[in-house]
Amino acid sequence: MSVSPPPAPASSSPSFAALRLPGFRALAATYLLAMMADNIEHVISYWVAFQKFHSPALGGFAVVSHWLPFLLLSVPVGGLADRVDPRRLIQCGMLLFMTASAGWAWFFITDTLQMWQAMLLLVIHGCAGVLWQGPTQVLLHDVVPGPDLPSGVRLLATARSLGVLVGPAVGGAIMLTIGPRYGLLLNLCFYLPAFLWLWRAPYGPRFRAGAAAVSKRAVRGIGDLLRAVADVRADRRLASMVLLAGLASFFVANSYQAQMPGFARDLGHGDPGTTYSMLLAADAAGALVAGMLMESMGGLLRPAAGTAVALCMCWCLALAGFAAVGSYSAALVLLFLAGVFELSFSAMAQTLVQLHAPDASRGRVIGLFNMSALGLRTFAGFTVGIAGAAVGIHASLAGAALVLFAALVLLRMWLGRGRAAA
């Protein structure tokens, strides 16, 4: 089995090293625009659809339809990215995104939206995300050489956070100016740069030094999953990062963001709409600052499995503190710190997976990581949301964060035993 060469130490790569590459600048810029468009579509479509139907069930379906495709399809799509050109898979994802935006726009303009149509568009949007995220991580290896790969992963994660941060603001501005009916037609334009750039971008299997590196195995769902699991089990670093991502997603993920209006109300500071926006902004701003700090001081925080687990434990404590405090200013600080720690541990975990995944099955391994990191978010709504209906959102979030902390203690002990045995 072909394995990736060991990465150069983080300190040998200058800050923002990946940005020195024209190909990465294009990839990051188009990725940022697509992420922004993804969030613009959420802001506009959720608002109009929920105003029309007033259905909490549709809101729950929106969450499930967004993450369930990652749970079911990440590994098969990763296997496909091992066999075909990942550029074409990403373009298919962009086409599905544009189809969803165009569909929402049509039904909003004609005022003919029905419940089943809204559900179908939400599913299309969720499937587009699967075709976009995993193949982008595979393509990153063609765009950024090995020594600069950690920089590329961190900067792409930062671009994701920036898209999440500015997307709702741009979506709100579009609704106030153009209006929701025609706003999603404008949103189509933000997906086009990625689609057009990938058409002729000189990356992918045809441009690699050895074309034989492309897997010729057929894509088989269960077989791909079992092979990815076997590859991960053979490397304790990979196994621990997949477990870390899965535990964080299953117990907490971003489920607390859906409960933010309730937290804003309970904090009792001014208008709930304003407090809601500021709380979400604090979380996203912390992630953005973390990305900049990690990149500018890359040699200070070298990717390591134990470090990633420790950062995730800090994230748990920040969220438990946020759930417990009654001060709005303290809540903002703790959410900012939560954003810092979340971006830090998730980017580090993804970096380790991309650095150490076997060449021949990189797409499958990345798919397994995405299935764990993103697909298992489907269940976080139960640990925080459904439990919150029974014991309150403050107790449910604090409880989920502390249970995750305990699980991470065990994971760190398991990592320590592996190092001792080595």
Visitor: Which class fits the ring pair Y203 and W197: parallel under 30°, tilted 30 to 60°, perpendicular over 60°?
Guide: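 Geometry flag for W197 against Y203: tilted rings.
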Visitor: Excluding sequence neighbours, so at least two apart, what forms side-chain hydrogen bond (donor to acceptor under 3.5 Å, both in side chains) with N39?
Guide: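 With sequence neighbours excluded, N39 shows a side-chain hydrogen bond (donor to acceptor under 3.5 Å, both in side chains) to no residue whatsoever.
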Visitor: Between L71 and L376, is the side-chain contact (heavy atoms from CB on, under 4.5 Å) condition met? List the steps.
Guide: CA-CA 6 Å; L71 184 65; L376 289 179; 3.9 Å; yes
Visitor: I'd like to know if the side chain of D142 and the backbone of F207 have a donor-acceptor N/O pair within less than 3.5 Å.
Guide: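 No; judged by distance alone, with no hydrogens or angles, the pair does not exist.
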Visitor: How many angstroms lie between OH in Y31 and CG in L162, if you round to the nearest 0.5 Å?
Guide: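 Here the interatomic distance stands at 11.5 Å.
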Visitor: Roughly how far, to the nearest 0.5 Å, is CG of L319 from CZ of F251?
Guide: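 Reported to 0.5 Å precision, the distance equals 14.0 Å.
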Visitor: In Å, rounded to the nearest 0.5 Å, how long is the span from CG of L238 to CG of L352?
Guide: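 It comes to 8.5 Å.
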Visitor: Within this structure, what is the CG-CG distance for the pair L27 and L32, rounded to the nearest 0.5 Å?
Guide: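 The distance works out to 11.0 Å.
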Visitor: Judged by modelled atom types alone, do Y191 and Q91 share a side-chain donor-acceptor pair under 3.5 Å?
Guide: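 No.
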Visitor: Between S240 and V309, does a side-chain contact (heavy atoms from CB on, under 4.5 Å) hold up when you go through it step by step?
Guide: CA-CA 9 Å; S240 63; V309 175; 5.7 Å; no
Visitor: Give me the one residue out of I174, N187, I178 that meets side chain to side chain contact (heavy atoms under 4.5 Å, CB included) with I44.
Guide: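 Considering I174, N187, I178, a side chain to side chain contact (heavy atoms under 4.5 Å, CB included) with I44 is found only for I174.
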Visitor: Using side-chain contact (heavy atoms from CB on, under 4.5 Å), reason through F108 and L185 one step at a time and then give a plain yes or no.
Guide: CA-CA 11 Å; F108 292 165; L185 287 179; over 6 Å; no
Visitor: Is the NZ or CZ atom of R88 positioned over W199's six-membered ring, under 6.0 angstrom from the centre and within 45° of the axis?
Guide: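 Yes, cation above the ring, under 6.0 Å and within 45°.
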Visitor: Give me the ring orientation class for F379 and F250: parallel if the planes are under 30° apart, tilted from 30 to 60°, perpendicular past 60°.
Guide: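 Tilted, since the angle between the ring planes falls between 30° and 60°.
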Visitor: Between the side chains of R206 and D85, is the shortest nitrogen-to-carboxylate-oxygen separation below 4.0 Å, so that they form an ion pair?
Guide: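 So D85 does not pair with R206 through a salt bridge.
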Visitor: Which distance, rounded to the nearest 0.5 Å, do you find between the CE of M292 and the CZ of R154?
Guide: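 Reported value, rounded in 0.5 Å steps: 10.5 Å.
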Visitor: At what distance, to the nearest 0.5 angstrom, does CH2 of W104 lie from NE2 of H125?
Guide: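 W104 CH2 to H125 NE2: 10.0 Å, rounded to 0.5 Å.
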Visitor: Any side-chain heavy atom of M371 sitting closer than 4.5 Å to one from V242?
Guide: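 Contact flag for M371/V242 side chains = no.
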Visitor: Determine the minimum heavy-atom distance between E295 and A17, stating which atoms define it.
Guide: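 Taking E295 first and A17 second, the nearest heavy atoms are OE2-N, 3.5 Å.
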Visitor: R160: which residues meet the salt bridge (charged side-chain N to carboxylate O under 4.0 Å, His left out) condition with it, sequence neighbours left out?
Guide: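 Expected list: none.
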Visitor: Which word best sums up how the rings of W315 and F345 line up, parallel for under 30°, tilted for 30 to 60°, or perpendicular for over 60°?
Guide: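 W315 and F345: tilted rings.
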